[in-house]
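The sequence lines fix the lettering, A, B, ..., with proteins before strands; numbering per chain opens at 1.
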Amino acid sequence: MSGALQTRSGIGTLSGLALTLAAWAVVTLLLILPVGILFAQALRQGLDAALTALSDDDVLAAIRLSALVVALVVPINTICGLFAAYALTKFDFPGRAALLVLIELPLSVSPVVAGLVWVLLFGRHGWFGPFLAAHGVRMVFTLPGILLATLFVTFPFVTRTVMPVMEAQGRQHEEAATMLGAGFVSLFWRVTLPETGAALVSGVLLCAARSLGEFGAVSVVSGHIPGLTETVPLRIEALYNGYETVAAFALAAVLAVASGLIVGMRGLIEWRRGRPAGESN
Amino acid sequence: MRVALAAGRRPRTPAIIPGALPAFGLTLFWVGLLVLLPLAALAERPWENGAPWLLATLTTPRTLAALRLSFGCALCAAAVTTLLGLLLAWVLERVRPPGWRMLDALIDLPFALPTAVAGITLATLYAPTGWIGAPLAGLGFRIAGTPVGIGVALVFVGLPFVVRTVLPVLRDLPGELEEAAATLGARRGQIALRVLLPALFPALATGFGLAFARGVGEYGSVIFIAGNKPMVSEIAPLLIVIRLSEDDYAGAAGIGLLMLVTAALCLMLVTLLRRRLPAMRGVAG
């Protein structure tokens, strides 16, 4: 910043103080109080009541299902996302812009639409629904549907975070490695991948956080069968609508802490990379 | 699959890097199965009963009310979010009060809170018996179950988008701008209004666009606080869910397609805006 002109007012000036108070008021009303009420409600009847609510069978089944979804979705989207970033940055080809648009598109889609498309394909009256039903396969209201919806919603994250880094690397290292006789596998594994480092971890964390907390898309394809097709966010909804407030908020607090840890870790990584942590999700 | 590798902008030795086939093969398979195929279904299904039928379902009073509500709330919420976001970005960068790092970290809370969690906490907070809802109810204001409640939820989810878009631009504005204005005799307020605000406009518009696009389709954080009364507080995404439960695939797809097209247009505008602002590449989008 300029040496001559003081651009930061601090709270010494009247306007600085007023603006600061206004900012804290906004943050308190809009951001701090919701988190406050989350834990207040969860612990309303004490820690024991909250823990008892969490050890319910359906809750445990939901936690298991959510963990399974994350464990399956994250690797698939990470591997495919890495390959896509490689293809988009290491080669020039016609239609590159169109491919980029397609990869980014799931970000702009409503979560409900992200679930709807799978019902349109595999539902009872979907394109492939009757065919699959005739062969005894059910995609919607089962695990595959939940997986597809979550894959769709978290589709672009890895590609988006890794691409700028791969772009900045250029192609010299890959070209040099190729000259020295490296094949695709060793090149990718030993040259391209290590250089993406922190960006890759950041993208993976974003993907994990979103697949853990996704509600709208999964809600459309899940069928809401307690103990079978309910992920943690769906279980929270069912508990809340069933007026089991303590249980709903206890589970919500657990989910918020898990998601907060993942996002916080990502913030730390982004901060050490020297980039602003906030990015769309 | 043949890929024309030589069609680059830069003259370079073509196709020296290996892996074109696996990289493109997997990418195209992945994009085709997870994006193209679903989009094809979304684009085709609405028309299966003919265009007149589609027009008729999209213009029933209930559907129109839901669309108006979703777009209207998203628009109003994006405007409010832009103002609040500007305030927060300004305080973080130009005031730098003690404890600004804490304020900065808190901004990203909505990114970390899953939408369903945000939904039930906001609904409880703004319910007529809630911490904020009760005092407001005493004054005669109802938030939960009204479009205002939907707006509150949308401001919550949209806030970090605006702050994270505006903040880096505000930080990177050249100090010479303000110095020049100051030497010409402008006061602080004048500098802020006449020099900084115009320079921030593209960033503010981008933040507005991102918040709007997110708000139109938002579901999880809204449905708990909205009350979901048809014609009053029933948002378009919820109507999609209802149509699906009635096995009306074409009707559901019609609303979905309309929302997708709007959101895509909105984000296209944002991308165009962002191209005009080199400082903003790589920021939220």
Side-chain angles (χ1 to χ4, degrees), chain A residues 1-2 5 8-9 11 16 19-20 22-23 26-27 30-31 33-34 37-38 80 83-84 86-87 90-94 102 105 108-113 116-117 119-121 125 127 151-152 155 164 174-175 178 184 213 215-216 233 236-237 240 252 255-256 259-260 263 276 278-281, chain B residues 3-5 7-8 16-20 23-24 26-27 30-31 34-35 38 41-42 45 84 87-88 91 95-97 106 108-109 111-117 120-122 124-125 156 160 164 168 175 178-179 182 213 217 219-220 237 240 249 252-253 256 259-260 263-264 267 282 284-285:
Chain A
M1 281 296 153
S2 59
L5 192 73
R8 284 184 181 142
S9 67
I11 51 171
L19 288 172
T20 305
V26 169
V27 168
L30 218 55
L31 306 178
L33 281 184
I37 207 165
L38 171 63
C80 295
F83 272 58
Y86 186 82
K90 303 299 174 187
F91 303 100
D92 297 311
F93 58 96
L102 279 179
L105 203 96
S108 56
V109 171
S110 165
V112 169
V113 175
L116 164 74
V117 289
V119 181
L120 296 179
L121 284 173
H125 307 290
W127 273 3
L151 279 172
F152 185 89
F155 187 79
E174 279 81 0
E175 281 162 356
T178 312
F184 171 60
F215 174 72
I236 293 173
E237 182 200 25
Y240 181 83
L255 181 62
S259 169
V263 173
E279 201 156 336
S280 80
N281 56 358
Chain B
V3 181
L5 294 164
I16 178 172
I17 302 176
F24 279 93
L26 188 63
T27 304
W30 181 60
V31 171
L34 280 177
V35 179
L42 186 66
R45 294 302 297 253
L84 295 181
L87 167 73
L88 288 170
V91 168
V95 181
R96 280 280 159 102
L106 284 170
D108 289 328
L109 256 179
F111 282 157
L113 222 53
T115 54
V117 178
I120 64 168
T121 53
L122 289 173
T124 311
L125 202 55
F156 174 86
R164 293 303 166 212
E178 286 159 84
E179 260 173 40
Y219 181 69
I240 294 181
Y249 283 26
M259 290 176 57
L260 172 73
L267 289 177

Please verify the inter-ring angle class for Tyr219(B) with Phe215(A); under 30° counts as parallel, over 60° as perpendicular, anything in between as tilted.
parallel
Could you tell me how the ring of Trp30(B) sits relative to the ring of Phe155(A): parallel (under 30°), tilted (30 to 60°) or perpendicular (over 60°)?
parallel
Side-chain heavy-atom pair Val27(A), Leu109(B) within 4.5 angstrom cut-off
no
Interatomic spacing from CG in Leu125(B) to CD1 in Ile37(A) - rounded to 0.5 Å:
4.5 Å
Is it the backbone or the side chain of Ile236(A) that comes under 4.5 Å from a heavy atom of chain B, or both, or neither?
side chain
Atom pair CD1/CG of Ile120(B) and Leu38(A) - distance to nearest 0.5 Å
7.0 Å
Can you name the side-chain contact (heavy atoms from CB on, under 4.5 Å) partners of Pro114(B), sequence neighbours left out?
Leu255(A), Ser259(A), Val117(B)
Relative to chain A, which segment of Leu34(B) carries a heavy atom at a distance below 4.5 Å: side chain, backbone, both, or neither?
both
The reported gap from OH in Tyr240(A) to OG1 in Thr124(B) (rounded to nearest 0.5 angstrom) is 4.0 Å
For each of Leu105(A), Val112(A), Val117(A), Val263(A), tally heavy-atom pairs with chain B at distances under 4.5 Å, and name the one with the top tally.
Val112(A)
Would you mind checking which part of Leu106(B) comes under 4.5 Å of any heavy atom in chain A, side chain (CB onward), backbone (N, CA, C, O), both or neither?
both
For the CG atom of Leu31(A) and the CG atom of Leu88(B), what is their distance to the nearest 0.5 Å?
8.0 Å
So which part of Val119(A) gets closer than 4.5 Å to some heavy atom of chain B, the side chain, the backbone, both or neither?
both
Within-4.5 Å side-chain heavy-atom neighbours: Leu121(A) and Pro38(B)
yes
Heavy-atom side-chain contact between Leu42(B) and Val113(A) under 4.5 Å
yes
Under a 4.5 Å heavy-atom cut-off, does chain A meet the side chain of Leu26(B), its backbone, both or neither?
side chain
